[in-house]
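Working notes, structure below.
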Protein chains: 2
Amino acid sequence: MAISLTSMTIAAVGDRPRLQSIRRTAAQARILAAALELFAQHGVSGTSLQMIADEIGVTKAAVYHQYRTKDEIVLAVAESEFVALEAALEAAEAEKSREQARKLLLKQVISTAVERRPWVRSLQNDPVMIRLLAGHEPLTDIMARIYGLLLDDTGPQANVRIAIMGATIGATVVHPLVADLDNQTLERELLRVAKRVFDISL
Amino acid sequence: MAISLTSMTIAAVGDRPRLQSIRRTAAQARILAAALELFAQHGVSGTSLQMIADEIGVTKAAVYHQYRTKDEIVLAVAESEFVALEAALEAAEAEKSREQARKLLLKQVISTAVERRPWVRSLQNDPVMIRLLAGHEPLTDIMARIYGLLLDDTGPQANVRIAIMGATIGATVVHPLVADLDNQTLERELLRVAKRVFDISL
DNA sequence: GTCTATATAACGATAGAC
DNA sequence: GTCTATCGTTATATAGAC
């Protein structure tokens, strides 16, 4: 990792378990795909295991054979969605300069959010999801590294600016007014705003 | 109403029922206050009538005496929160110029969101809330009037800019990184962003 | 890997007494 | 306006057969 994060304490890098290395059976993948879709539609609390089982045409017991609790399914869904963010983060951390790393990361976060926008709302805003993510280190670790990289310590308002940018990305892609917009245009507009509002040349 | 909205068809203004005129008993107000808080914490689906009843120290049956269904409670909560938006909208519509109206509305929407930020997430992102709001005309009417006023048809990207601004406001105020920030500072920063997104002086 | 069957608890909602 | 009591349904979760 080429970037040193003097302002934050980050866990040792060497033997970090990677989300990308998690292997799943076909049955598990079917469950997670159905759950992701249903969580987006009805929220986590509004999605029962029966609904997930019905969606893939099996019984509840078959689902419980793969995951012991509903919480485990929620976390597995989150992990599978965080893979793209982890990849973006690792690519950014490999950049030579911190400036380059920040630019690349912001770009990738935007394109990831745009591409996966049908599921961004539940991942970012569902109260059950938020609570589970907060207690799951592999995911909080990724978020901490992303913010640690994006934050510059140039001013007391830096936190607010990054918060606003991150929030803007996540919330814009789920906004009803842009639902009909193609990914490319949406991505371009978000980059333009990032540039203008946050003085980052991308 | 001093503003003519040539680009949208808006229902007749004269006898529009106002949310502000809805009267509630003390018992109903207690239910709505408890529900608002619990929805924010657990989401709508994650909040049972038993939880609401426990919160105010009565039984489920007492709650059902005030509202016949859970959906009615959700809608009543939304209506009570939309009162501030309705007031902001009416004040803006009374402005002499459209430019003035847009500025005032944007300012008021920002300050409303900042002041009510603990509850913004569930109102804006909860899937059950979204579904109920979409089918409830008094609320969709207010949203349509707000967007109708904010949208200028000067460019093809107008929708995206409004979406970005709306998303920015809604998502920033709920972001954990600004949780400790006082209302005044947060409001000032959001106004600064709005200025730069829209190229207008607020 | 999926099934039937079941346990236990909580859900939304209603009836009727006070 | 609130209570007790209850209805029918659904929830998460498990046991054991195939």
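Order of the sequence lines sets the chain letters (A, B, ...), proteins ahead of strands, with each chain counted from 1. Source: prediction; values computed, not measured.
- Whole-Å rounding puts the L49(A) CG to dT14(D) C1' distance at 13 Å.
- Close to dT14(D), at under 4.0 Å from its OP1 or OP2, lies no side-chain N or O of Y64(A).
- Atoms CD1 (I31(A)) and P (dG1(C)) sit 9 Å apart, rounded to a whole Å.
- Rounded to an integer number of Å, the gap from NZ of K60(A) to P of dT12(D) is 7 Å.
- Taking atom NE2 of H65(B) as the reference point, atom P of dA17(C) lies 16 Å away to the nearest angstrom.
- With values rounded to the nearest 0.5 angstrom, T112(B) atom OG1 is found 10.0 Å from E81(B) atom CD.
- Distances were taken from every side-chain heavy atom of V58(B) (C-beta onward) to each of dC3(D), dT12(D), dT14(D); the shortest belongs to dC3(D).
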Step-by-step side-chain hydrogen bond (donor to acceptor under 3.5 Å, both in side chains) determination, T168(B) to T168(A) = CA-CA 4 Å; T168(B) 301; T168(A) 299; 3.0 Å; yes
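- Between R68(B) atom CZ and dT14(C) atom P the separation is 8 Å, expressed in whole Å.
- Comparing atom distances between the T25(B) side chain and each of dG1(D), dA13(C), dC3(D) picks out dG1(D) as nearest.
- Between S48(A) and R30(B), the residue whose closest nucleotide on DNA chain D is further toward the 5' end is R30(B).
- We find that CD1 of I52(B) is positioned 13 Å from C1' of dC11(C), with the value rounded to whole Å.
- Within 6.0 Å of CG in D180(B) there are 12 or fewer heavy atoms belonging to other residues, nucleotides or ligands.
- Note: I31(B) CD1 to L36(B) CG = 13.5 Å, rounded to the nearest 0.5 Å.
- Each of L177(A), L181(A), L190(A) was evaluated against V160(B); a single residue qualifies, L181(A), per the side chain to side chain contact (heavy atoms under 4.5 Å, CB included) test.
- Counting to the nearest Å, the P atom of dC11(C) and the NE2 atom of H42(A) are 20 Å from each other.
- The side chain of Q50(B) places no N or O atom within less than 4.0 Å of a non-bridging phosphate oxygen (OP1 or OP2) of dA10(C).
- Heavy atoms of S45(A) sit nowhere under 4.0 angstrom from any nucleic acid atom.
- Rounding to whole angstrom units, CD of residue E72(B) and P of dG12(C) are separated by 15 Å.
- Among the nucleotides dT12(D), dT2(D), dT14(D), the one closest to the side chain of A61(A) is dT14(D).
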